[in-house]
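Note sheet for the following structure.
Note that these values count all heavy atoms, side chains included, but never hydrogens, waters or copies made by symmetry. Computed from a predicted model, the values in this text were never measured in an experiment.
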Amino acid sequence: MRLLPLLWAAVAAAAATAQAPIVTTVLSNGTTQSRYDMVILGDGYQATEQNKFNTDVSTFLTALFQTQPYQTFAAYYNVHTVFRASVESGADRPDETPPVFRNTVYNASYNIGGTDRCLYIQNTSLALADAALAPATEGRVLVMVNDTRYGGCAGQFAVSYTGSQMSNVQIHELGHSLGQLADEYDYPNNTYTGGEPSTVNITTSPTGAKWSIWHGTDGISAFEGAGYHLFGLFRPKQNCMMRSLGVALCRVCQENIVKITNSIADTIVTTTPASTAVTVPVPQLQVFSFTHIVPPGNAPVIQWRLDGNVVPGATGTSYTFDPTTVTLGLHTLEASVRDQTPLVRSDPAQVMRETHTWQVTVNDPSAGQLRIPALSTNVTFVPAGGAVTLTTTVINDGPATAGPFDVEWFLSPTPSWTPQSTYLGKVTVGSLAALQQTVIPRTVNLPWGMPATVHYVFAVADRLDVFNETNENDNTRSVPILGQAPGCVTKIEFQDPLVYPFDSASMSRTAGGAVHPRLIAPCANPATTIYLMAWTGSGTQPGIGLAPGLVLPINYDPLTQLGLDGLNGPVFGGFLGLLDAQGRAQATFTLPPSASVPLGQTHFAAVLLGNTQLFTAVSNPIGLQILP
Ligand SMILES: [Zn+2]
């Protein structure tokens, strides 16, 4: 029964000594996401010495931000401290006689690795755990060791004593941990025989080629003796903080610190709108803006880009976006600010340039969004001139009702559609409500001149962009078909853009124009067969009897005579000739503007003559409507 009070007493005593770590943000310039966050721990401070720790941190920070390049970029850092009290003050001095050992939280000790002034902590796992209590850290942590004997060392942690050289030691160690810099002093070794060091401020090159961009500036050249070697390694400047305490960091060292700081800190700190995804309905103007922390003395250069292209004149922190100047749909808007500090001369990774990108969706409340989610055919193999039934589904994704608009079909020899592809006609959709679809079944005849190979049937919705859409680039769909030879036919058809069916065209008499009748006679002997095309304005019945069972479906009239008189002239181009090797012929009928021909329906038909000068075949008639 006496055990429990004893246990309580022990727990209470342990709690009194094991003070919880105290986390403080001593310098706050912004969010941890947008700044380089440093964390400082203390070792060898008793609970009663917390004020001394605070003073040591303050002394160091004052010195740090009076030192270049930290002075210029002071606003890029946050500093947090984590204070955990030690039982005793100071650090272990195992190399003294007699050796000194202190009970401290991170167990700091001098003479690490046999170097008397190398002061480093030995309980790194607790130090890491404590550092993790800070709001953020960029990886390496500073440790102030409350001891007056000169010393410091950098590894995973940057460690310094707290005597008169404390600030210099910590700024030097920060050169290692933050700036990833090498020591520029040249002891204790003689001649370096290794490869080129990866650090920016020492080199095996006797000319210092690595930092040639700085040569001649601020005493930068190449000086032998660096990286713990008297010979074979070179440093940028006669003296530098990375070589001796109490002197400035050389420009090569400063540049790397600036670049690493900028690679972590975000110079763009606020953006409006805050969301990176912005929807802008036409015609509403939208202002985009941002704030940044690039020091004015560094001559920040601002540039806005829309879809990757520089916006001329958009060089301020605010940009007014006019959605009527772009297409509906998704755009990228980028703001960038570039720091032109003279402290950086080489920036291939562009860490001195910060960008912010908005994904801007421009929509139109009066627009819809047509798509063709499906297109199918009833057959896969189709003979030339044969029929195929196309089933086309058109959807309107909204928001506005679409229509009227046309759905058109084309035949292309390639998987890409162009308006010059063979036309297969159109259907007009009167109205298609938002979120509705329509299925259009339609049977079309393919051209007699279609080669026996693979073709692609395309469906195109609103080809002429009559209807305003959020995305005008998703209005086609294709399906392949396999064309087959037409058999032994004698056919003519128009092969002109946007003419369908192929036996029916029209033309304005006032404007004039041209059509291109094509003759297909694959079984005729191309070497000996002559073809003749004829024109009529008086119909196809009863036609002209040429031989028993062979009637040319043309009634002879003045237009027919006009054609015969002008064969292969400027109007009736290619109306008489030999078939080509494929048994085909191409003709061109060209009507000059305001020609004195009657209005109304006219027709063409073709006849073939064999080598015996006998008529051997006649074609179908095709119609050309002469309109006012
Ligand atoms: Zn240096």
Side-chain angles (χ1 to χ4, degrees), residues 67 91-97 99 108-122 124 140 142-143 145 147 149-161 163-257 260 346:
T67 303
D92 295 351
R93 302 175 177 185
D95 51 340
E96 294 187 1
T97 309
S109 176
Y110 290 88
N111 202 43
I112 295 291
T115 302
D116 59 355
R117 57 174 182 74
C118 183
L119 170 64
Y120 203 69
I121 58 172
Q122 299 177 98
T124 53
R140 295 215 238 181
L142 290 84
V143 184
V145 176
D147 199 305
R149 176 176 147 184
Y150 177 82
C153 243
Q156 186 173 22
F157 297 85
V159 178
S160 169
Y161 84 127
S164 61
Q165 293 286 347
M166 170 190 72
S167 295
N168 280 325
V169 169
Q170 276 296 26
I171 293 169
H172 174 97
E173 304 302 352
L174 203 58
H176 295 303
S177 61
L178 188 161
Q180 296 170 16
L181 300 170
D183 278 316
E184 294 181 21
Y185 51 82
D186 53 22
Y187 52 90
N189 303 305
N190 196 29
T191 300
Y192 180 77
T193 54
E196 174 63 23
S198 61
T199 44
V200 299
N201 64 323
I202 61 174
T203 183
T204 57
S205 158
T207 61
K210 211 170 186 172
W211 50 75
S212 60
I213 200 166
W214 289 101
H215 283 182
T217 299
D218 208 20
I220 301 295
S221 180
F223 300 87
E224 189 159 29
Y228 320 123
H229 290 81
L230 199 50
F231 304 106
L233 280 176
F234 298 80
R235 62 188 190 274
K237 193 173 178 179
Q238 187 65 45
N239 213 345
C240 167
M241 174 74 91
M242 297 314 291
R243 179 174 172 88
S244 314
L245 298 183
V247 299
L249 287 157
C250 74
R251 298 294 290 272
V252 174
C253 290
Q254 287 190 36
E255 181 179 50
N256 214 47
I257 292 167
I260 289 172
S346 170

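At a threshold of 4.5 Å between non-hydrogen side-chain atoms, the residues Pro236 and Arg251 do not count as touching. Counting only heavy atoms from C-beta outward, the side chains of Ile112 and Leu119 never approach each other to under 4.5 Å. Thr191 places none of its side-chain heavy atoms less than 4.5 Å from the side chain of Leu230. A 4.5 Å side-chain heavy-atom check between Ile257 and Leu249 finds at least one atom pair inside the cut-off. Residues Val159 and Val145 have side chains in contact (heavy-atom distance under 4.5 Å, counting atoms from C-beta outward).
Using modelled atom types and a 3.5 Å distance limit, the side chains of Glu255 and Trp211 yield no donor-acceptor pair.
Listed by chain and number, the residues in a ring pair (Phe, Tyr, Trp, His ring centres under 6.0 Å) with Tyr161 are Tyr150 (sequence neighbours excluded). For Asn168, the side chain to side chain contact (heavy atoms under 4.5 Å, CB included) partners are Gln165, Met241, Leu245, not counting sequence neighbours. By the ring pair (Phe, Tyr, Trp, His ring centres under 6.0 Å) test, Tyr228 pairs with Tyr185, sequence neighbours left out. Legend: residues meeting side-chain hydrogen bond (donor to acceptor under 3.5 Å, both in side chains) with Asn239, ordered by chain and number and at least two apart, are Ser244. For Glu184, the side-chain hydrogen bond (donor to acceptor under 3.5 Å, both in side chains) partners at least two apart in sequence or on another chain are Asn201. Shown here are the side chain to side chain contact (heavy atoms under 4.5 Å, CB included) partners of His176, two or more places apart in sequence or in another chain: Ala154, His172, Glu173, Asp183, Met242. When the side chain to side chain contact (heavy atoms under 4.5 Å, CB included) test is applied to Ser212, the partners found at least two apart in sequence or on another chain are His215. Annotation: salt bridge (charged side-chain N to carboxylate O under 4.0 Å, His left out) contacts of Arg149 (sequence neighbours excluded): Asp95, Glu96. The side chain to side chain contact (heavy atoms under 4.5 Å, CB included) test applied to Ala209 returns Ser205, Thr207, not counting sequence neighbours.
In this structure, CZ on Phe223 lies 10.0 Å from SG on Cys250, to the nearest 0.5 angstrom. Going from atom CD of Gln122 over to atom OG of Ser109 covers 4.5 Å, rounded to the nearest 0.5 Å. Distance check, rounded to the nearest 0.5 Å: OG1 of Thr67 to CG of Leu174 gives 10.0 Å.
The minimum heavy-atom distance linking Ala222 with Gly208 is given by the pair CB-N, 3.6 Å. Taking each heavy atom of Cys240 and Val247 in turn, the nearest pair found is C-CG2, 3.2 Å. The two residues Ala182 and Thr199 have their closest heavy-atom pair at CB-OG1, 3.4 Å. Pairing each heavy atom of Ile202 with each of Gly227, the nearest pair is CD1-CA, 4.0 Å. Nearest heavy-atom pair across Ser177 and Ala158 is OG-CB, 4.0 Å. Across every non-hydrogen atom of Pro197 and Thr204, the tightest pair is CD-CG2, 4.1 Å.
Of the possible donor and acceptor atoms, one in the side chain of Gln170 sits under 3.5 Å from a partner among the backbone N and O of Val143. Remark: the backbone N or O of Gly152 is not paired with any side-chain donor or acceptor of Tyr110 at under 3.5 angstrom.
Identified under the salt bridge (Lys or Arg N to Asp or Glu O under 4.0 Å) test for residues 202-216, with sequence neighbours left out: Glu196-Lys210. Every pair passing salt bridge (Lys or Arg N to Asp or Glu O under 4.0 Å) that includes a residue from residues 217-244 is listed here, sequence neighbours excluded: Asp186-Arg243, Asp218-Lys237.
The SG atoms of Cys118 and Cys153 lie less than 2.5 Å from each other.
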Practice task
Assess whether side chain to side chain contact (heavy atoms under 4.5 Å, CB included) is satisfied between Gln254 and Asn256, documenting all intermediate values.
Solution key: CA-CA 5 Å; Gln254 287 190 36; Asn256 214 47; over 6 Å; no
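A ring pair (Phe, Tyr, Trp, His ring centres under 6.0 Å) with His229 is found for one member of Tyr187, Tyr192, Phe234 and no other, namely Tyr192.
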